[in-house]
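For reference, positions follow the sequence shown, starting with 1. All of these numbers come straight from a predicted model, not from anything done at the bench.
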Amino acid sequence: MEHYSFWSVVPPIVAIILAIWTRQVFVSLFVGIFLGFIIIHQGNILQGTLDSIEKIVDTFKDAGNTRTVIFTLLIGVLIAYIQRSGGVNGFILFINKKLDTIKSKDEHKKSLYVRLFAVLVGMLIFVESNISILTVGTLFRPLFDKLKISREKLAYICDSTSAPSCILIPFNAWGAFIMSLLIAQGLTNPFEILYTSIIYNFYPIITLCMLVIVVITNKDILSMKKAERRVKIEGKIIADGSTPLVSEEITIITPQEKKTHKAYNMIVPLFVMVISMPLFLFYTGMKNAPANAVSSLSIFDIISYGSGSASVLYAVIVAIGISVILSLFQKIMSFQEMIDLSFKGMGGMISMALLMVLAFTIGNVCKELGTGIYVAEITKSWISPAFLPAIIFGVGSVIAFATGTSWGTFAIMIPIAVPLANSLGINIHIVVAAVLGGGVFGDHCSPISDTTLISSMASACDHIDHVKTQMPYALISALIAFIFYVFVGIAM
C-alpha cells in the first residue's frame, strides 16, 4: 500500500493543530506519532502505543540519527567550554578595544561602528542561535544605552542575526538536524541538497541584507522609528509603561575570573570546527565513493558521497579537544571541572536532542503512511507546480508563527514537501529552501518563539515592544521572499 488515503494526513494535521492550540510541540509530535501507528495497525490502540514507543527507540538504530543527537549534546559541551575559558569575554574585550580607538567626539561614527559590530558578532557566532543572542545582548546592551540606541534596535539585531546565520552557515546542529530529516525521506545526498538550497533560502538572506541596510543608513520605520526617537530626544531607554524582560535563568556560564580572558579561546575552537567539517566530508566521501570511480570524481562529487552526520560529529569532537588543550595549557580548568561542565553543557541541549528524536520518528511515520504521496495525488489536479514553493513557504511560516519553533516546523513540513516535490517534478532544492525559510520567518516573528523571548531578555527590552518593532522588517522580508518564490517557481 503506497498510502492510507485520507488517514495518511491525519497525524501531521493533528500534530499541527495541537501544536498551535497547546503550544507544546513535544506533546504534539508524540500524539502525531501515536495516531500514525494506530492507523497503520488499523485501530489497534495497544499495538499502536507499543509501536510508537518502539519506533522512537528504533530511531537510534540509524547511525546518522544517533550521530546527530550526540553532536547536539556535544555542541552544548563546546559552548560551555568556550564560555568558561573566557573566550566569549575575551572576544568582548577585543571588540571594546577596537571601539576605544574611535574618537570619542565622533558619536555618530561610534554609534555606526557599535551597530555594525553587533551585527558582525551575531553573524559570526553561528554555532548556536541562543548563544549568539546572549553574547550580543550581554556585550552591546551597555554600549547601546550609552550611545542612545534603543534596546528595541538591539533586540532586533540579536534576533535577526541568530537563526538566519545558523540556517545559512549550517556547520552546526541546524545543518545536522536538517540533513537527518532529508535522509529519513530516502534522499542519499542530503549535504548537496542542503547546501545547494542555501541560494534559494531567500528569507534569511533578505533579512540579513535588510538588517545591514537599516544599521548603516540608520533609517527606521513605524514602531522602531518611534523607539529610536524616544531614546534620542527623550532619553528614555524603555518606553513608559513597558517592562524589561529579564530572566536570571537566561545567562551564559561565568568565565574563570582568575585568568586573563582571551578571544582565541572562542575563535580557535570554532574556526577548527568549521574548517574540519568539509575536510571530514571529503574524508568520508573518499571512503563511501565507489573505489573504481574515485580517480574520475571531482572534489564536490566526492564530498557528495560524504556523511554529514559523521562529519559534524567528528568536527565538534576535534573542536572540543582543541578547547580542552587550550584550557589545560592555560590552567583555566581542572580535569574534574571539565567533566562537570560537560554534563552541564549537555543538559542545556536535552530539549533540542529530544525534539530531534521525535522529529525523526514522525518523519518515518509519515513515510510509512505515504503522507507525501497522498498529498501529491490529491493536489496534482488543482495545484500548479509553479506556485508550490511559495505555498510551502507560506504554510511553513504560519505553522512556525503559531508554534514558535522552526525546528518543529521542519519536522512536520519536510516529510510532506519532499515527496510532493518529487511527485510534481519540482526542483527539490527550492522546495527544501522554502520549508527552511518559512520556518525561520514564522519563528522570527512569533511572540512565543524561544529566540524572540531570549532576544528580549538578553536586550532587557519589553517583549511586546520587541515583537512590534521587529515585525514590520520581518514582514517586508517575507513578502519579498514570497515574491521571489513565485518568480522562481514560474521560471522552473
I'd like to check the side-chain hydrogen bond (donor to acceptor under 3.5 Å, both in side chains) partners of [X]; sequence neighbours left out, ordered by chain and number.
| X | result |
| --- | --- |
| T49 | none |
| T59 | T361 |
| N427 | H429 |
| N44 | none |

- request: Return each pair, listed once, that meets ring-ring contact (aromatic ring centres under 6.0 Å, His included) where at least one residue sits in residues 473-492; pairs must be two or more places apart or across chains.
  value: Y156-Y473, F202-F484, F202-Y485, F393-Y485
Any residue meeting side chain to side chain contact (heavy atoms under 4.5 Å, CB included) with [X], in chain and number order, not counting sequence neighbours:
| X | answer |
| --- | --- |
| I267 | F91, A263 |
| I205 | L168, C209 |
| L279 | I275 |
| S276 | V272, F280, A315, V318 |

message: Check whether S8 reaches the backbone of L369 with its side chain - one donor and one acceptor, N or O, closer than 3.5 Å.
response: yes
- prompt: Just checking, any donor-acceptor pair under 3.5 angstrom between side chains of H444 and S160?
  reply: yes
statement: salt bridge (Lys or Arg N to Asp or Glu O under 4.0 Å) filter on D51, not counting sequence neighbours, yields none
Side chains of residues 431-438: which donor-acceptor pairs under 3.5 Å do they make with residues two or more places apart or in other chains?
none

Over all atoms of both residues, closest heavy-atom pair of A80 and G345: CB-CA, 4.1 Å
- prompt: If every non-hydrogen atom of F140 is compared with every non-hydrogen atom of L154, which pair is closest and at what distance?
  reply: CB-CD1, 3.9 Å
message: So F410 and W174, do their side chains get closer than 4.5 Å, heavy atoms only?
response: yes
